[in-house]
Amino acid sequence: RFDSTCNGRLSLTRAFATSNNTAALRLAQRVGLELVVRQAKALGITSPLDPVPGLALGQSEVRLIELTGAYAAVVNQGEWRSPTTIRRLMDAETCREESPRGCGSLDKTKTGRRAISQESAQQMQDLLRAVIQSGTGRAASLGGQEGGKTGTTNEGRDLLFVGFEPNRHWVLGIWLGNDDNSPSAGSSALAASLWADIIRAAGRGGLNG
């Protein structure tokens, strides 16, 4: 638990769900900033990370695909696998013509590596669910066991939400912002809401995980 000038003692779950910056800073310093960097790298973060207090608040820039891949490792019981991107959409006819194995075929030869323990992964999943159930990510609620985390940089320049939907084994990262890095009038709740809209629409389309 962490001391709070507003609400006395604050649990880690509540601090995480409400994006409490003070708790994040204190926890990062208690654990050790160098260890935080090493753990981020184990989760597939390759962007440069500075071991300074601001690291806990997003001071170092990270690509969305790296961040989404790190969340996927948490959902995959601590095993990290290289994330993939969608480069082209094909209808059934084009798929049959160009892809003999069929659309949606996954490369199952890729091997993963242990990034965090299964116990830690389960604990992180619980924290991510709390964000949607009672914290800053309630706009992403689908009424199930989904979880995720919001993120907002200064002046709303970057609005983020990365979440998972366990029934379909989906992990999806959303970034909203202006191409010229100018401030926006939005909040990360917009990204969370868009995440939920995409997951709902994909589910109605009959896609499989």
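All figures in this text were calculated on a predicted structure; none of them were measured in a lab. Positions are given from 1, in the same order as the sequence printed here.
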For Ser120, which residues count as a side chain to side chain donor-acceptor pair (under 3.5 Å) partner, sequence neighbours excluded? Ser117
Any donor-acceptor pair under 3.5 Å from Trp80 side chain to Leu43 backbone: yes
Of all the heavy-atom pairs spanning Leu25 and Pro53, show the shortest one and how long it is. CD2-O, 3.1 Å
Sequence neighbours excluded and cut-off under 3.5 Å, please list the side-chain donor-acceptor pairs for residues 127-135, or say none.
from, atom 1, to, atom 2, distance (Å)
Arg129, NE, Gln145, O, 2.8
Arg129, NE, Gln145, OE1, 3.4
Ser134, OG, Ala130, O, 3.2

Quick one: does any side-chain atom of Glu146 pair with a main-chain N or O of Gly143 as donor and acceptor, under 3.5 Å? yes
Picking from Gln118, Gln122, Arg114, what satisfies side-chain hydrogen bond (donor to acceptor under 3.5 Å, both in side chains) with Gln77? Gln122
Taking side-chain contact (heavy atoms from CB on, under 4.5 Å) as the criterion, tell me which of Val171, Ile65, Leu67, Leu64 meets it with Pro83. Ile65
With rounding to the nearest 0.5 angstrom, report the CZ to OG1 distance, Arg138 to Thr150. 10.5 Å
Of all pairs that satisfy ring pair (Phe, Tyr, Trp, His ring centres under 6.0 Å), the ones with a partner from residues 20-77, not counting sequence neighbours: none
CG/Asp180: more than 12 non-hydrogen atoms of other groups inside 6.0 Å: yes
Pairs in or reaching into residues 174-198: which pass ring pair (Phe, Tyr, Trp, His ring centres under 6.0 Å), with residues at least two apart or in two chains? Phe161-Trp195
Less than 4.5 Å apart, any side-chain heavy atom of Pro166 and any of Val75? no
Please report the shortest heavy-atom distance between Gly186 and Leu190, naming the atom on each side. CA-CD1, 3.8 Å
CG on Asn20 to CG on Leu27, rounded to 0.5 Å: 11.0 Å
Pairwise ring pair (Phe, Tyr, Trp, His ring centres under 6.0 Å) hits with a residue in residues 136-156, at least two apart: none
Mind checking the CD-CD spacing from Glu119 to Gln123? Nearest 0.5 Å is all I need. 5.0 Å
Taking C-beta and beyond as the side chain, do Ile174 and Leu172 meet within less than 4.5 Å on heavy atoms? yes
Hey, quick one: are Leu33 and Leu49 part of the same hydrophobic cluster, counting side-chain heavy atoms closer than 4.5 Å, chains of contacts allowed? no
Would a 4.5 Å heavy-atom cut-off, applied to side chains only, mark Leu160 and Thr153 as touching? no
Give a yes or no on whether the backbone of Val74 and the side-chain of Gln125 come within a donor-acceptor separation of less than 3.5 Å. yes
Does some side-chain heavy atom of Thr152 sit less than 4.5 Å from a side-chain heavy atom of Thr136? no
Are Leu55 and Leu57 in one and the same hydrophobic cluster, where Ile, Leu, Val, Met, Phe, Trp and Tyr link if side-chain heavy atoms are under 4.5 Å apart? no
Enumerate the residue pairs fulfilling salt bridge (Lys or Arg N to Asp or Glu O under 4.0 Å) with a member in residues 50-64, sequence neighbours excluded, ordered by first and then second residue. Arg63-Glu66
Asn181 atom CG: more than 12 heavy-atom contacts under 6.0 Å: yes
Restricting to non-hydrogen atoms, name the atom on Gln39 and the atom on Ala115 that form the minimum distance, rounded to 0.1 Å. NE2-O, 3.1 Å
Mind listing the closest non-hydrogen atom pair of Val36 and Ala28 along with its distance? CG2-O, 4.2 Å
If I compare all heavy atoms of Ala139 with all of Ala196, which pair ends up nearest, and what's the gap? O-CB, 3.8 Å
Under 3.5 Å donor-acceptor, Arg113 side chain and Ala42 backbone: yes
Shortest non-hydrogen contact from Ser184 toward Leu159: OG-CD1, 3.9 Å
Hydrogens and angles aside, do Ser188 and Lys149 bring a side-chain donor and acceptor to less than 3.5 Å of each other? no
